[in-house]
Amino acid sequence: MEIGLNHYLIVSGILFSLGMFGILSRKHAVMVLMGLELILNAANINFVAFARYGGMNIDGHIAAIFVIILAAAEAAVALAILLNIYQHFKHVNLDEVNNLKE
Amino acid sequence: MDLTTLAFFFFAALTLGFGAVVVLSRNIMHAAFSLLFTFFGVAGLYVLLHADFLAITQIMIYIGGILVLIIFGVMLTTRITGVDVKSGRTGKLQLGLTAALSVALAAVLVKIFLSTLWHIAPAADVDATAELIGNALLTKYLIAFEAASILLLVAIVGAAFIARKK
């Protein structure tokens with residue numbers, strides 16, 4: 001059995017759905033961040049798989065690298081915001097964070 | 001069944017199995033550590049796709065950087081010793097709707113992937129991608145590369161500014 005493009009695409013599709021479920025079903029802000037990382041990873045698998053089966057096109061790798069860069073920047077800023085929310089509300093439940101200013 | 005096939009199924013199972021643990025686990029620390037294995041599985045898939053540079057980048061940045069940040073986030077915003085390590089589910093109805101939506105999304109995506117006739121080019125043999133990526137970044141993608149470096153600088157400064165003590 002030969003592993004082809006479709007196998008990778010299916011893995012990425014399922015991983016994307018898992019991340020979507022994580023984002024929609026949790027209240028804890030860090031859990032939402034983890035779901036986001038799963039989704040970004042699923043997108044990256046797609047980029048690299050299409051790069052491989054499109055005749056080793058390096059553009060797909062570049063796109064994946066930029067996704068990783070953006071994920072790193074997003075994680076750093078999100079953590080800083082989370083710390084502020086925690087200092088103010090004493091929790092990070094997204095349902096109950098409902099004002100921007102005291 | 002050759003070794004590549006076995007390796008693919010191993011890494012795919014690692015990615016999806018621990019990915020499921022991430023979103024289903026009730027303990028947020030377990031979720032954070034399961035994310036580690038998910039990232040490793042994705043790095044393995046990159047290796048199978050001949051993306052050696054990306055596999056190393058995945059391990060260094062995702063596991064060495066982002067995962068550590070997330071675990072910091074868990075530990076700083078959750079009372080580990082108290083009762084509040086639960087990961088905070090939403091209500092029953094919303095959970096059911098979300099699960100149904102996610103399964104439907106997965107089904108639609110898989111259906112689309114399988115029914116599309118993808119154009120597949122003959123596989124070119126590439127030994128290492130680092131040189132190709134370096135050349136592309138400094139020629140064709142130079143502006144995006146510089147913009148990314150500015151973005152990272154802004155993110156560092158912004159994160160430090162937001163998180164500082166008032």
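The basis for the numbers below is simple: all heavy atoms, side chains too, and nothing from hydrogens, waters or symmetry mates. In what follows, every chain begins at residue 1, and chains take the letters A, B, ... in the order their sequences are listed.
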Based on non-hydrogen pairs under 4.5 Å, which of A51(B), A12(B), A160(B) is most in contact with chain A? A51(B)
Audit row: F21(A), L105(B), side chain to side chain contact (heavy atoms under 4.5 Å, CB included) steps and yes/no: CA-CA 10 Å; F21(A) 178 74; L105(B) 185 69; over 6 Å; no
Other residues, nucleotides and ligands only: do more than 12 of their heavy atoms fall within 6.0 Å of CG on L138(B)? yes
Can you tell me which portion of F50(A) sits under 4.5 Å from chain B's heavy atoms? Options are side chain, backbone, both or neither. side chain
Is there a path of hydrophobic side-chain contacts, each under 4.5 Å between heavy atoms, that joins M60(B) and V48(A)? no
What part of A104(B) lies closer than 4.5 angstrom to a heavy atom of chain A: side chain, backbone, both or neither? neither
Going only through I, L, V, M, F, W and Y residues with side-chain contacts under 4.5 Å, is there a path from L24(B) to V103(B)? no
Take T38(B) and E37(A) through the test side chain to side chain contact (heavy atoms under 4.5 Å, CB included) and record every step on the way to the result. CA-CA 10 Å; T38(B) 306; E37(A) 301 300 342; over 6 Å; no
Rounded to the nearest 0.5 Å, how far does OG1 of T5(B) lie from NE2 of H7(A)? 8.0 Å
Can you name the closest pair of heavy atoms from I66(B) and A75(A) and give their distance? CG2-CB, 4.0 Å
Note: vs chain B, highest number of non-hydrogen pairs under 4.5 angstrom among N41(A), V77(A), I45(A), V92(A) is N41(A)
Within-4.5 Å side-chain heavy-atom neighbours: L76(B) and Y86(A): no
Taking all non-hydrogen atoms of both residues into account, name the closest pair between A73(A) and L152(B) and its distance. CB-CD2, 4.1 Å
Can you name the closest pair of heavy atoms from M31(A) and I28(B) and give their distance? SD-CG1, 3.6 Å
Identify the heavy atoms of L16(B) and L18(A) that sit nearest to each other, and give their distance. O-CD1, 3.8 Å
As an exercise, state the distance from CZ of R164(B) to CG of L83(A), rounded to the nearest 0.5 Å. 13.5 Å
State, to 0.1 Å, how close L109(B) and S17(A) come at their nearest heavy-atom pair, and which atoms those are. CD1-OG, 4.4 Å
Would V97(A) and L36(A) show up in the same hydrophobic cluster when neighbours are defined by side-chain heavy atoms closer than 4.5 Å? yes
Give the minimum heavy-atom separation between V74(B) and M34(A), together with the two atoms involved. CG2-CE, 4.2 Å
Ranking G65(B), G158(B), A31(B) by heavy-atom pairs under 4.5 Å to chain A gives rank one to A31(B)
Using heavy-atom distances under 4.5 Å, tell me whether A144(B) contacts chain A through its side chain, its backbone, both, or neither. both
Could you tell me which portion of I120(B) (side chain, backbone, both or neither) has an atom closer than 4.5 angstrom to a non-hydrogen atom of chain A? both
Quick one: what part of F8(B) sits under 4.5 Å from any heavy atom of chain A, side chain, backbone, both or neither? side chain
Heavy-atom pairs under 4.5 Å with chain B are the metric here; pick the option from L82(A), L38(A), I23(A) that has the most. L38(A)
Are L114(B) and I10(A) close enough that some pair of their side-chain heavy atoms sits under 4.5 Å apart? yes
May I have the list of side-chain donor-acceptor pairs in residues 53-72 of chain A shorter than 3.5 Å, sequence neighbours left out?
unit_1: Y53(A); atom_1: OH; unit_2: I3(A); atom_2: O; d: 3.2
unit_1: N57(A); atom_1: OD1; unit_2: D59(A); atom_2: N; d: 3.3
unit_1: D59(A); atom_1: OD1; unit_2: Y141(B); atom_2: OH; d: 3.1
unit_1: D59(A); atom_1: OD2; unit_2: K140(B); atom_2: NZ; d: 3.1

L15(A), L101(B): one ILVMFWY side-chain cluster at the under-4.5 Å cut-off? yes
Let's test your reading of the structure: which of L45(B), V108(B), N135(B) forms the most heavy-atom pairs below 4.5 Å with chain A? L45(B)
What about M29(B) and V32(A), same hydrophobic cluster or not, with Ile/Leu/Val/Met/Phe/Trp/Tyr joined at side-chain heavy-atom distances under 4.5 Å? yes
To the nearest 0.5 Å, what is the distance between CG on N6(A) and OG on S115(B)? 9.5 Å
Please flag which part of L48(B) lies under 4.5 Å from any non-hydrogen atom of chain A: side chain, backbone, both or neither. both
Considering only heavy atoms and a distance below 4.5 Å, find which of T129(B), V154(B), V110(B) pairs most often with chain A. T129(B)
Gap between atom CG of L95(B) and atom CZ of R26(A) - 0.5 Å precision: 8.5 Å
With side chain to side chain contact (heavy atoms under 4.5 Å, CB included) as the criterion, how do N44(A) and V42(B) come out once you've worked through the C-alpha distance, each side chain's angles and the decisive distance to 0.1 Å? CA-CA 9 Å; N44(A) 263 357; V42(B) 175; 5.8 Å; no
Mind jotting down which residue pairs meet the ring pair (Phe, Tyr, Trp, His ring centres under 6.0 Å) criterion with at least one end in residues 24-57 of chain B? Sequence neighbours excluded, please. F18(B)-F37(B), F39(B)-Y62(B)
Part of V11(A) within contact of chain B (heavy atom distance under 4.5 Å): both
